[in-house]
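The chains referred to below are lettered A, B, ... by the order of the sequence lines, with proteins before strands, and numbering in each begins at 1. All of these numbers come straight from a predicted model, not from anything done at the bench.
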Protein chains: 2
Amino acid sequence: MNRIESFRKICKEQGIKVTPQRTAIFDALEDSRDHPTAEIIFQAIRKRFPTISLDTVYRTLMTFVKIGIAHVVETQGNTKRFDANMEIHHHAHCLKCGKILDFYSADYDNLEVPQEIRNQFTVMDKKVVIHGVCKKCSQKQKDL
Amino acid sequence: MNRIESFRKICKEQGIKVTPQRTAIFDALEDSRDHPTAEIIFQAIRKRFPTISLDTVYRTLMTFVKIGIAHVVETQGNTKRFDANMEIHHHAHCLKCGKILDFYSADYDNLEVPQEIRNQFTVMDKKVVIHGVCKKCSQKQKDL
DNA sequence: TTCTTATATAGGAATCATTCTTATTTGTCA
DNA sequence: TGACAAATAAGAATGATTCCTATATAAGAA
């Protein structure tokens with residue numbers, strides 16, 4: 001079963017319609033592994049769907065989050081970024097350029113959630129975020 | 001040395017002026033342990049500074065981040081939230097109401113950053129984020 | 001296949017968060 | 001106390017996101 005077929009299947013299961021726009025947005029999101037904004041997805045899709053609206057892109061991405069095939073990435077910024085990587089993974093953020101790197105770590109995956117939190121929260125997800133400055137950006141700083 | 005005195009000291013060290021607005025914003029941020037937005041700080045301060053502008057609050061909070069006495073909290077939302085808790089700590093987020101709970105864990109603090117990341121990033125900070133639904137919100141859901 | 005209807009979309013307006021511009025004010029230091 | 005760089009207020013501008021509404025369409029029924 002290929003990507004599009006499995007997308008159709010999920011939509012059916014979740015009771016939402018399989019529209020060409022949704023299919024294109026899903027496809028664009030899966031293609032980009034760099035946590036794109038709605039605007040970036042919008043621009044990418046516009047080539048094939050000249051009349052698509054930015055609102056549709058936002059609405060659709062949020063629908064994907066709701067049905068569990070995408071995540072909103074946590075950031076310090078004021079622009080939502082989306083992630084189609086649904087495997088358990090962690091993030092390293094560059095504080096200068098905003099690049100977000102996915103990485104995997106069994107140690108991090110296996111962390112116990114403290115009892116104190118389990119008492120107060122129904123835990124859905126747990127993730128380590130590392131902040132720093134990427135190589136490219138520290139190089140730039142040196143060049144000044 | 002009390003809170004205000006130590007604030008004056010930090011400002012002097014960092015070469016920024018000690019203004020009544022900055023002092024009030026610092027004070028309001030320290031008082032609120034619930035990761036307030038600029039708007040919330042603005043409203044809190046307005047009572048005593050009727051002419052303060054929202055821009056000043058934003059600018060000042062970002063200045064505090066720059067000089068290392070506040071953090072911008074990572075969220076999925078599109079509103080910046082600020083944190084005056086500079087101790088190493090971790091966050092649990094309620095996905096329904098947006099509440100953010102600070103918690104402490106030596107195990108989490110001591111996590112090793114994978115070599116793969118250390119090769120590519122100058123690591124500044126590392127934090128565990130837990131997503132879930134808080135007690136109050138799961139109770140609400142049951143009540144429906 | 002065609003019809004029906006609930007759902008989804010486009011387009012533009014509206015809203016919310018944040019930043020910029022500029023004239024004025026004010027800490028700070030000589 | 002005066003000078004000046006830095007900071008502030010006010011409102012305009014920008015950017016991101018959501019809302020409104022008329023139209024279009026996917027999907028199940030006939």
Side-chain angles (χ1 to χ4, degrees), chain A residues 4-5 7-28 35-43 45-67 69-70 72-82 98, chain B residues 4-5 7-26 28 35-67 69-70 72-82 98:
Chain A
I4 300 300
E5 280 165 16
F7 174 68
R8 299 182 70 88
K9 182 162 170 283
I10 292 165
C11 287
K12 298 242 158 106
E13 283 166 7
Q14 299 288 330
I16 70 166
K17 290 181 182 172
V18 179
T19 68
Q21 289 90 337
R22 281 181 178 158
T23 309
I25 292 166
F26 175 75
D27 216 44
H35 318 86
T37 63
E39 178 70 32
I40 288 170
I41 298 278
F42 175 62
Q43 294 303 343
I45 287 176
R46 236 179 168 176
K47 293 162 198 162
R48 294 196 204 164
F49 280 82
T51 68
I52 200 166
S53 79
L54 185 52
D55 180 49
T56 297
V57 176
Y58 271 104
R59 214 174 349 88
T60 302
L61 289 168
M62 292 312 284
T63 301
F64 291 170
V65 172
K66 198 182 295 175
I67 68 176
I69 62 178
V72 178
V73 180
E74 305 231 318
T75 63
Q76 295 183 352
N78 45 321
T79 308
K80 278 202 181 73
R81 294 177 65 170
F82 296 88
Chain B
I4 299 300
E5 280 165 15
F7 174 68
R8 298 182 71 87
K9 182 162 170 285
I10 292 166
C11 287
K12 297 245 156 99
E13 283 167 8
Q14 299 287 331
I16 71 167
K17 291 179 180 171
V18 179
T19 68
Q21 290 91 336
R22 281 181 178 159
T23 309
I25 292 167
F26 176 74
H35 317 87
T37 63
E39 178 70 31
I40 288 169
I41 298 278
F42 175 62
Q43 294 303 344
I45 287 175
R46 233 177 170 180
K47 294 161 196 159
R48 293 196 204 165
F49 281 80
T51 69
I52 200 167
S53 79
L54 185 52
D55 179 50
T56 297
V57 176
Y58 271 106
R59 212 173 351 87
T60 301
L61 288 169
M62 293 312 285
T63 300
F64 290 170
V65 172
K66 197 181 295 174
I67 68 175
I69 61 177
V72 178
V73 181
E74 304 229 319
T75 63
Q76 296 184 351
N78 44 322
T79 308
K80 278 200 181 75
R81 295 177 64 170
F82 297 87

Length of the line joining B/Glu39:CD and C/dT19:C1', which is rounded to integer Å
15 Å
Please report the distance, rounded to the nearest Å, between CD1 in A/Ile67 and C1' in C/dA8.
14 Å
Applying salt bridge (Lys or Arg N to Asp or Glu O under 4.0 Å), which residue pairs with at least one partner in residues 54-66 of chain B are found, sequence neighbours left out?
B/Asp55-B/Arg59
Going by the rule side-chain contact (heavy atoms from CB on, under 4.5 Å), which residues pair with B/Arg46 if we only count those two or more places apart in sequence or in a different chain?
B/Phe42, B/Gln43
d(B/Lys47 NZ, B/Ile45 CD1) to nearest 0.5 Å is 10.0 Å
Using only side-chain N and O atoms of B/Arg59, determine if any of them is under 4.0 Å from OP1 or OP2 of D/dA7.
no
Whole angstrom is fine here: how far is it from CZ in A/Phe42 over to P in C/dG12?
11 Å
Salt bridge (charged side-chain N to carboxylate O under 4.0 Å, His left out) involving A/Arg22 - partner list, sequence neighbours excluded
none
Counting only non-hydrogen atoms, which of residues 45-57 of chain A are less than 4.0 Å from DNA chain D?
A/Leu54, A/Asp55
Using a 4.0 Å heavy-atom cut-off, write out nucleotides 22-30 of chain D from 5' to 3' as B (base contacted by protein), S (sugar-phosphate only) or - (no contact).
----BS---
Just jot down the side-chain hydrogen bond (donor to acceptor under 3.5 Å, both in side chains) partners of B/Thr63, sequence neighbours excluded, or say none.
none
With sequence neighbours left out, the residues meeting side-chain contact (heavy atoms from CB on, under 4.5 Å) with B/Thr37 are B/Glu39, B/Ile40, B/Thr79, B/Arg81
Given atom CZ of B/Arg22 and atom P of C/dT28, what is their separation to the nearest angstrom?
9 Å
Residue matched to D/dA30 through Watson-Crick or wobble contacts both under 3.5 angstrom
C/dT1
Residues that A/Phe26 engages under ring pair (Phe, Tyr, Trp, His ring centres under 6.0 Å), provided they are two or more places apart
A/Phe7
B/Lys9 meets the salt bridge (charged side-chain N to carboxylate O under 4.0 Å, His left out) criterion, sequence neighbours left out, with B/Glu13
Under 4.0 Å, heavy atom to any atom of DNA chain C: which of residues 73-81 of chain A qualify?
A/Asn78
Excluding sequence neighbours, so at least two apart, what forms side-chain contact (heavy atoms from CB on, under 4.5 Å) with A/Ala70?
A/Leu29, A/Phe64, A/Val65
Measuring from B/Thr19:OG1 to B/Lys17:NZ, what's the distance to the nearest 0.5 Å?
9.5 Å
Nucleotide D/dG15, atom P - distance to CD1 of A/Ile40 in whole Å:
15 Å
Nearest-nucleotide wise, let me know which of A/Met62 and B/Thr60 is further upstream toward the 5' end of DNA chain D.
B/Thr60
Results of side-chain hydrogen bond (donor to acceptor under 3.5 Å, both in side chains) for A/Glu74 - residues two or more places apart only:
B/His93, B/His131
